[in-house]
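First the structure, in the form of structure tokens, and then the observations on it.
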Amino acid sequence: MDTPSYFPVPPGVGMEENFLSLDDILLSQERLPVRTECVFPRLGFLEKSSDSQDIPEGTKMELPLWLCKGLYEKKRKVLSVELPKIYKEGWRTVFTADPNVVDLHKMGPYYYGLGSQMLHFDSPENPDIANALLQTFIGRFRRTMDSSQNAYNEDTSVLVGRLDCLEKVLFRSGQNGLNGFQCWEKGQAAQLTASSLVLNYRKRKLVDVQS
């Protein structure tokens with residue numbers, strides 16, 4: 001039997017990252033619009049539109065998420081991070097009206113993950129962003145799971161093409177659960193096994209009790 005070379009590791013939840021997860025590694029490369037709040041000496045080569053040796057204060061540029069988090073400080077302001085357009089008030093209004101009409105993969109594809117990471121940076125809009133993430137997830141969750149349960153042995157590429165990476169994981173979980181039930185119903189499965197989500201939840205409860 002062939003042994004898989006890589007066992008998928010789930011991404012972190014919320015603001016916490018899992019650095020063994022390929023999804024979180026890719027998420028950390030997402031670029032954010034920033035404004036420098038001081039001079040960056042001898043780093044002018046990072047700004048291709050300038051011939052200066054330094055990056056002057058007030059320069060607007062894009063940096064990957066992992067670098068923004070490393071440079072960001074609340075007390076000594078090195079840079080300020082601007083909101084990507086999908087988290088601004090205009091798009092939050094669209095999500096409030098009907099989150100199902102938005103192609104999250106095209107806009108993201110790490111809408112929930114990147115939005116959670118944006119809460120690392122101080123912004124008066126953080127409560128609104130967190131609420132928008134939650135309400136969008138709730139508004140799209142039922143449709144995602146209903147689709148996964150009603151697409152047995154069908155081409156699901158169109159269905160999942162508009163989903164965020166987290167939603168795609170949920171969709172595949174629903175599909176796997178449906179396929180397992182169909183096999184059991186036809187007598188093709190020896191037994192039903194507990195979901196990994198249930199097992200992980202039991203482990204967390206056990207740790208809580210022991211601590």
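For the numbers below, each heavy atom of this structure counts, side chains included, while hydrogens, waters and symmetry mates do not. What you see is a predicted model; the values in this text were computed from it and never measured.
- Ring-centre distance between Y111 and F137: not below the 6.0 Å cut-off.
- The salt bridge (Lys or Arg N to Asp or Glu O under 4.0 Å) test applied to R143 returns no partner, not counting sequence neighbours.
- Neither Y72 nor V39 shares a network with the other; the hydrophobic side chains, linked directly or stepwise wherever heavy atoms of I, L, V, M, F, W or Y lie under 4.5 Å apart, form separate groups for each.
- Proximity of S80 to F121: side-chain heavy atoms (C-beta onward) are nowhere separated by under 4.5 Å.
- Counting heavy atoms from C-beta on, the side chains of F95 and L133 never come closer than 4.5 Å.
- A salt bridge links E167 and R140; the closest N-O separation between the charged side-chain nitrogens and carboxylate oxygens is under 4.0 Å.
- Annotation: side chain of H105 is not in contact with side chain of R162 (no heavy-atom distance under 4.5 Å).
- Using a 4.5 Å heavy-atom threshold, the side chains of W91 and V102 count as touching.
- Using a 4.0 Å cut-off between charged side-chain N and carboxylate O, R92 and E125 make a salt bridge.
- F40 places a side-chain heavy atom less than 4.5 Å from the side chain of L71.
- Contact check for T36 versus K60: no side-chain heavy atoms found under the 4.5 Å cut-off.
- Here the straight-line distance linking atom CG of L63 with atom CG of L79 works out to 6.5 Å at 0.5 Å rounding.
- V81 has its side chain out of reach of H120: every pair of non-hydrogen atoms, C-beta onward, lies at least 4.5 Å apart.
- Atom CG in L67 sits 12.0 Å away from atom NZ in K69 (nearest 0.5 Å).
- The neighbour count for D98 CG, taken as heavy atoms of other residues, nucleotides or ligands under 6.0 Å away, is above 12.
- Not a single side chain to side chain donor-acceptor pair (under 3.5 Å) links E57 to another residue, sequence neighbours left out.
- Side-chain N/O atoms of Q175 and S148 include no donor and acceptor closer than 3.5 Å.
- At least one side-chain heavy atom of L27 sits under 4.5 Å from a side-chain heavy atom of L65.
- Of the possible polar contacts, one joining the Q149 side chain to the G174 backbone as a donor-acceptor pair under 3.5 Å is found.
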